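Atoms considered below: every heavy atom in the structure, side chains included; atoms not considered: hydrogens, waters and symmetry mates. This one's a predicted model, so the numbers in the text were calculated from it and none came from an experiment.
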Amino acid sequence: EEQYRRLVSTAQDAIYILQDGKFVFANPEAERITGLSAAELAGTHFSQLLHPDDLPLVAKRYQLRLAGEEVPDNYSMRVVNKQGKVVWIQASAVVLTWKGQPAILYVARDITKQRRMEAQLRQSQKLEAMGTLAGGIAHDFNNILAAIMGYAELSLDQTPSHGPVADNLEQVITACKRARDLVRQILSFSRHSEHELQPLMVEPLVREVLGLIRATTPSNIDITADLEKGGMVMADPVQIHRLLMNLCTNAAQAMEGSGGSIKVSLKRVELAANDPMVSPSLPPGPYLRLSVADTG
């Protein structure tokens with residue numbers, strides 16, 4: 001008896017007995033999982049500890065097992081412990097006689113970490129599938145862009161230079177090139193590769209983006225720019241282009257119908273050691289600060 005008591009008390013699995021649906025025995029691991037002491041568990045009905053979504057099925061199986069019906073010997077369920085935390089357990093059960101009355105002995109293992117890891121694995125598999133899908137779409141989109149750019153370049157060759165049509169076609173070609181770079185970035189994401197940083201003059205890129213935005217923004221939205229020339233940073237031009245496009249597009253959508261103004265500024269700034277923005281990823285030194293303000 002002493003050997004069995006030691007075996008049960010030191011087991012890494014929860015071992016407990018239910019009689020009339022109530023706890024009549026529980027080892028220390030069962031106490032840890034439920035957050036209740038042996039004294040608190042004694043006389044507690046199992047329905048008070050089960051997750052509401054799992055209770056109907058577990059209660060049905062409990063009754064069927066006592067009646068001698070065939071039910072799964074091993075299944076998972078959720079326990080809500082004393083602190084309100086959900087704990088997943090994998091339990092196996094067997095009918096026995098306890099003090100002359102039928103009861104059910106359960107051996108259960110805490111599988112919460114396992115379930116969490118399985119959920120993370122499923123999420124990573126979804127992201128991998130999304131990357132594969134994005135890569136396929138990007139290839140198709142790249143073919144469409146090639147056709148648009150090709151016809152625009154042919155039209156530009158047949159159009160008088162320095163005219164409004166030629167200017168529009170040049171904007172189309174410029175936008176196609178940016179879209180091509182964006183497709184390259186999507187393909188880079190699908191292959192899990194890093195963004196390519198390169199020395200970049202930000203001011204000409206910002207002016208190019210603002211030209212595209214002005215062409216597609218309603219006339220009741222005023223766009224102004226205060227851009228300081230010069231200054232080079234290490235950056236991915238596609239990311240900067242997309243960042244500014246997103247900010248300005250969101251701003252324009254916020255003012256749709258009512259009108260307003262968007263102001264884009266690019267300034268040199270010097271971050272001192274005591275500046276509140278300074279952090280391990282942003283050490284003191286010279287920077288370019290790009291800001292977008294709107295009245296939306």
Review point. Could Arg65 and Asp73 be called an ion pair, given the rule that one side-chain N must be under 4.0 Å from one carboxylate O?
Key: yes
Check your understanding: Which heavy-atom pair separates Arg6 from Thr10 by the least distance, and what is that distance?
Key -> O-OG1, 2.7 Å
**Study point:** Passing option when Val264 is tested against Asp294, Val292, Thr224 for side-chain contact (heavy atoms from CB on, under 4.5 Å)
**Key:** Val292
Practice item. I would like to know whether Gln123 and Gln120 meet side-chain contact (heavy atoms from CB on, under 4.5 Å); could you show each step before the answer? Key: CA-CA 5 Å; Gln123 183 64 21; Gln120 290 173 350; 5.6 Å; no
Practice item. May I ask you to decide if Met277's main-chain N or O and Asp275's side chain share a donor-acceptor pair within less than 3.5 Å? Key: yes
Check your understanding: Does the separation of the ring centres of Phe46 and Tyr16 fall below 6.0 angstrom?
Key -> no
Exercise for review: Give the cluster check for Val58 versus Ile33: same hydrophobic cluster or not, with ILVMFWY residues linked at side-chain heavy-atom distances below 4.5 Å.
Suggested key: yes
Review point. Any side-chain heavy atom of Pro237 within less than 4.5 Å of one from Arg178?
Key: yes
Check your understanding: Do Leu18 and Val87 share a hydrophobic cluster (ILVMFWY, side-chain heavy atoms under 4.5 Å, transitive)?
Key -> yes
Check your understanding: When you measure from the side chain of Asp13 to the backbone N and O of Val107, does any donor-acceptor pair fall under 3.5 Å?
Key -> no
**Study point:** Sequence-distant partners of Ser219, side-chain hydrogen bond (donor to acceptor under 3.5 Å, both in side chains), two or more places apart
**Key:** none
Review point. Minimum heavy-atom separation for Val8 to Pro28, with atom names?
Key: O-CD, 4.5 Å
Check your understanding: Quick one: do Leu50 and Leu36 end up in the same hydrophobic cluster if we chain Ile, Leu, Val, Met, Phe, Trp and Tyr together by side-chain heavy atoms under 4.5 Å apart?
Key -> yes
Review point. Quick one: are Gln90 and Asn74 in side-chain contact, heavy atoms under 4.5 Å?
Key: yes
**Study point:** Arg207 CZ to Met201 CE distance, which is reported to the nearest 0.5 Å
**Key:** 11.0 Å
Review point. Atom NE2 of His241 and atom CG of Leu243: how far apart are they, to the nearest 0.5 Å?
Key: 11.0 Å
Practice item. Taking all heavy atoms of Leu145 and all of Arg180, pick out the closest pair and write down the distance. Key: CD1-N, 3.6 Å
Check your understanding: Are Ile17 and Tyr75 connected in the hydrophobic side-chain network, where two residues link if heavy atoms are under 4.5 Å apart?
Key -> no
Study note, to complete from the structure: Output for pair (Ser161 OG, Asp167 CG), nearest 0.5 Å, gives 9.5 Å
Review point. Are any side-chain N or O atoms of Asn81 and backbone N or O atoms of Gly35, one a donor and one an acceptor, separated by less than 3.5 Å?
Key: no
Exercise for review: Supply the atom-to-atom distance Arg78 CZ to Ile111 CD1, rounded to the nearest 0.5 angstrom.
Suggested key: 11.0 Å
Check your understanding: Thr159 side chain to Ala166 main-chain N or O, any donor-acceptor pair under 3.5 Å?
Key -> no
**Study point:** Check against side-chain contact (heavy atoms from CB on, under 4.5 Å), Glu29 and Ile15
**Key:** CA-CA 7 Å; Glu29 179 63 10; Ile15 300 174; over 6 Å; no
Practice item. Start with the C-alpha gap between Cys248 and Val209, add the side-chain angles, then the distance that decides, and say whether side-chain contact (heavy atoms from CB on, under 4.5 Å) holds. Key: CA-CA 9 Å; Cys248 292; Val209 175; 5.8 Å; no
**Study point:** Leu66 reachable from Leu64 in the ILVMFWY side-chain graph, under 4.5 Å edges
**Key:** no
**Study point:** Minimum-distance pair of heavy atoms, taken over all atoms of Lys229 and Arg268
**Key:** O-NH2, 3.5 Å
Exercise for review: Decide yes or no for His51 and Met77: does some side-chain heavy atom of the first lie under 4.5 Å from some side-chain heavy atom of the second?
Suggested key: no
Exercise for review: Could you label the plane-to-plane angle of the Phe25 and Trp98 rings as parallel, tilted or perpendicular, counting under 30° as parallel and over 60° as perpendicular?
Suggested key: tilted
Review point. Looking at Ala26 and Glu31, what are the two nearest heavy atoms and their distance?
Key: O-OE2, 4.1 Å
Exercise for review: Flag the pair Ile213 / Met245 as yes when at least one side-chain heavy-atom distance between them is below 4.5 Å, and no otherwise.
Suggested key: yes
Check your understanding: What are the two closest non-hydrogen atoms of Ile262 and Ala251, and how far apart are they?
Key -> CD1-CB, 3.9 Å
Revision key, fill the gap. Output for pair (Ile173 CD1, Asn168 CG), nearest 0.5 Å, gives 11.0 Å
Point to revise | Test log, rule side-chain contact (heavy atoms from CB on, under 4.5 Å), inputs Asp226 and Lys267 | key: CA-CA 8 Å; Asp226 182 12; Lys267 297 290 183 182; 3.0 Å; yes
Review point. Measuring from Asn27:CG to Arg32:CZ, what's the distance to the nearest 0.5 Å?
Key: 10.5 Å
